[in-house]
2 protein chains.
Amino acid sequence: MSDNRTGTAGGRAATLSDVAKIAGVSLATASKAINGRGEVAAATRQRVLEAAKKISFTPNELARSLINGRTGTVGLLTSDLEGRFVIPILMGAEDAFGAGQVNVFLCDARGDAIREQHHLNALLTRRVDGIIVVGRSTDPRPSLGHNIPVPVVYAYAPSEDPTDVSITPDNRAGGRLAVEHLIACGRSKIAMISGEAVYAAAQDRAAGVMDALGDAGLELMGRPMFSEWSEHWGRDASAMLFRQFPDIDGVVAGSDQIARGVLDTMRDLGREVPHDVAVVSFDNWEILATNSRPELTSIDANLQQLGRMAATRIFDAIDGTAATRGVENLPGRLVIRGSTIARR
Amino acid sequence: MSDNRTGTAGGRAATLSDVAKIAGVSLATASKAINGRGEVAAATRQRVLEAAKKISFTPNELARSLINGRTGTVGLLTSDLEGRFVIPILMGAEDAFGAGQVNVFLCDARGDAIREQHHLNALLTRRVDGIIVVGRSTDPRPSLGHNIPVPVVYAYAPSEDPTDVSITPDNRAGGRLAVEHLIACGRSKIAMISGEAVYAAAQDRAAGVMDALGDAGLELMGRPMFSEWSEHWGRDASAMLFRQFPDIDGVVAGSDQIARGVLDTMRDLGREVPHDVAVVSFDNWEILATNSRPELTSIDANLQQLGRMAATRIFDAIDGTAATRGVENLPGRLVIRGSTIARR
DNA sequence: TAGCCTGCCGAAAGGGGTTTCGAAGCTTTC
DNA sequence: GAAAGCTTCGAAACCCCTTTCGGCAGGCTA
């Protein structure tokens, strides 16, 4: 009950009228002095600023938002339980918005549509200026619909609705990148081990791999192998693969986890990486990629840039700039490590 | 410029006075009807609710907050770049607050004190009801100070100031837990490989290990080994250790990463896990713990519960309930997998 | 000296909602 | 039929700040 929460000036937070009273000016003048707007004499402004500092006045952003119709907040609606995609995206968005200018509400829907709707409503009553929806895979997800009074951008997982604004990694280009790198490393007998076939990411990456092989006049060793995004599968699949095609000299793994399984099996089989077999994978998840031996060459999805772009799209929409509707594919970048090129 | 952002009712969002006008009542009555407060005739209430639904009215939370002094928002100020700690904590906090009741501003300070101060100010002008500070290690961190008008709780990394409210994992108890489990598995020649010695987590876990060994009348094989939180170190350290003490039958690893390195070396040395050597580690980072062979027995820090507790503390402070100041240690829980007990 | 700018300042009207308190209108009760 | 008691509603103040616009000095010109 005792109001001892407030550290400095006992009681509630300082308000503009407090400042005005101390400075001996009107509310209006105080406001103008602090915001540097309107015609205020230098001396008066000085007096107001001193008063404000004295009682450590902080303008109430709520009241401000109420007036100018913008809150300077954005909602990040995610179903990415691990935080693996959402954190880089959040950081990118913060960067683009400018630190401190915009704050982000992070809401985890946990893959539950009802909870998502709940959070969406909460965000809207909070009058966020925009919403970024982050999925946990690159498969298209249902649209939130168009009767939302603020701009919405879908990141990572695109919206099923082509009239929404979506930004997603270009996995097909990534697949090309992987194969082109292997070829540049002198490999020609290339296999692919990927994750669950129902994932768009698995299909797109495989398609990119096939594209690049075709362009180079090469053929994949066997077929792309799909099962699950795990080390176990990486181990098992590579064992099977090498039994059938012992002369494979390059492997594209659908994820860093799968690649680690491949490395394991290579060791068991006595094949040296990268000398005998080069391995390139996807995601560039540092914890996995830089702790293996050798470290993994991996294709980074540029998630932070994805976040920046999403934020930019939100801005454009707020400012009324014509948004580029549809799905935009963001190319990844190859991060070369020891699994394709011997180091030291 | 064209105001086509708003999906439904063209123009701006519906306001309470719109509702009142349609229902043919005053603003005050409309408010009372919608919030179920005050004396409103059933028929009138019905009329208001229908009007509200008709124009899909959503109360402006900003205006509400302005009045009752509470925003229903909380700031999560973190330096956890990976999002490994912060995401479970966020989820726990959301749970405790009740989904949709409270929204969380997530701010990443990126380990930069200036950026942190920046974000802190932003949160305060946004009038958050409380702040949770999440560190990236369990080492005490500088306090934000006491001249903050809202309650602050430090999670994961405690505050250096004992008069702050902090909640941190009980790593010492975790160390005990690890050793007690190994002993229960019939092991007696136990070694410890941990991360950087400057980390409180490394020291605390080692202390717990020594405690438990002492209680059981056992001695550690060699000394606790400190270097870095990596698989590399786990590999190297265990190789050294087993050269010196070939009869080690249990290893406590300071992290799942280190444990994975240990498993690697065990395989190289032809030691079977868990038959010859049992391994228990810390963090229970699923991606690492469940993808190794065998899977890792690991001590989970209960981060989600940590988040829930932090949220509860915030609530208590808001409600004026006497907060339990000081550092509270939250025990972890043992998650048993194949690295200590053979499965199937 | 009168008239006219010009430069500062403040009263007031919001923005969207909540809450108090008084005023109706209606039904009882004597 | 009048007084009293309910219920129901609305006017107005308030939360904190921004912004418009009118007013008041003071300095300048004629």
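Labels below follow one simple rule: chain letters A, B, ... track the order of the sequence lines, proteins then strands, and each chain is numbered from 1.
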> Across the strands shown, which category fits B/Thr58 at heavy-atom distances under 4.0 angstrom: base, sugar-phosphate, nothing?
Replying inline: sugar-phosphate
> Does the C/dG10 base have a donor-acceptor partner in the side chain of A/Lys32 within less than 3.5 Å?
Replying inline: yes
> D/dT7 P sits how many Å from B/Arg37 CZ, rounded?
Replying inline: 20 Å
> Checking salt bridge (charged side-chain N to carboxylate O under 4.0 Å, His left out) for the pair A/Glu328/A/Arg313: CA distance, chi angles, key distance, verdict?
Replying inline: CA-CA 11 Å; A/Glu328 185 165 354; A/Arg313 294 286 173 284; 2.7 Å; yes
> Of all residues at least two apart in sequence or in a different chain, which pass the salt bridge (Lys or Arg N to Asp or Glu O under 4.0 Å) check with B/Arg37?
Replying inline: none
>> At a heavy-atom distance below 4.0 Å, what parts of residues 59-68 of chain B sit against DNA chain C?
In response: B/Pro59, B/Asn60, B/Ala63, B/Arg64, B/Ile67
> Atom CG of A/Leu27 to atom P of C/dA12: distance rounded to whole Å?
Replying inline: 13 Å
>> Suppose we screen for salt bridge (Lys or Arg N to Asp or Glu O under 4.0 Å). Which residues come up paired with A/Arg136, at least two apart in sequence or across chains?
In response: none
> Are any of B/Ser31's side-chain N or O atoms less than 4.0 Å away from OP1 or OP2 of C/dT18?
Replying inline: yes
>> What is the separation between atom CZ on B/Arg70 and atom P on C/dT18, rounded to the nearest whole Å?
In response: 16 Å
Are there any protein N/O atoms within less than 3.5 Å of an N/O atom in nucleotides 4-8 of chain C, and if so, which ones and at what distance?
none

>> Any heavy-atom pair between the side chains of A/Ile131 and A/Val74 that's under 4.5 Å?
In response: no
> Separation of B/Asn35 atom CG from C/dG17 atom P, in whole Å?
Replying inline: 10 Å
>> For A/Phe315 and A/Phe97, take the angle between the two ring planes, folded into 0 to 90°, and tell me which bin it lands in: parallel under 30, tilted 30 to 60, perpendicular over 60.
In response: perpendicular
> Counting just side-chain N and O atoms, does B/Thr29 come under 4.0 Å of either OP1 or OP2 of D/dG10?
Replying inline: yes
> For residues 32-81 of chain B, which residue pairs qualify under ring pair (Phe, Tyr, Trp, His ring centres under 6.0 Å), counting only residues two or more places apart or in two chains?
Replying inline: none
> Taking the side chain as C-beta and beyond, is there a heavy-atom pair between A/Leu106 and A/Thr78 under 4.5 Å?
Replying inline: yes
> Does the side chain of B/Asp80 come within less than 4.5 Å of B/Asp108's, by heavy atoms?
Replying inline: no
> Relative to each other, are the rings of B/Phe85 and B/Tyr156 parallel, tilted or perpendicular (30° and 60° limits)?
Replying inline: parallel
> Using the C1' atoms of the five pairs at each end, what is the angle between the end axes of the helix from C/dT1-D/dA30 to C/dC30-D/dG1, to 10°?
Replying inline: 70°
> Is there a side-chain contact between A/Leu90 and A/Val104 (heavy atoms, below 4.5 Å)?
Replying inline: yes
> OP1 or OP2 of C/dG17 sitting under 4.0 Å from any side-chain N/O of B/Thr15?
Replying inline: yes
>> Before you tell me yes or no, could you show the steps for B/Arg115 and A/Glu94 under salt bridge (charged side-chain N to carboxylate O under 4.0 Å, His left out), namely the whole-Å CA-CA distance, both residues' side-chain angles and the distance that decides it to 0.1 Å?
In response: CA-CA 12 Å; B/Arg115 197 186 288 257; A/Glu94 269 192 354; 5.2 Å; no
> Starting at CZ of A/Arg126 and ending at P of C/dG17, how long is that distance when rounded to a whole Å?
Replying inline: 15 Å
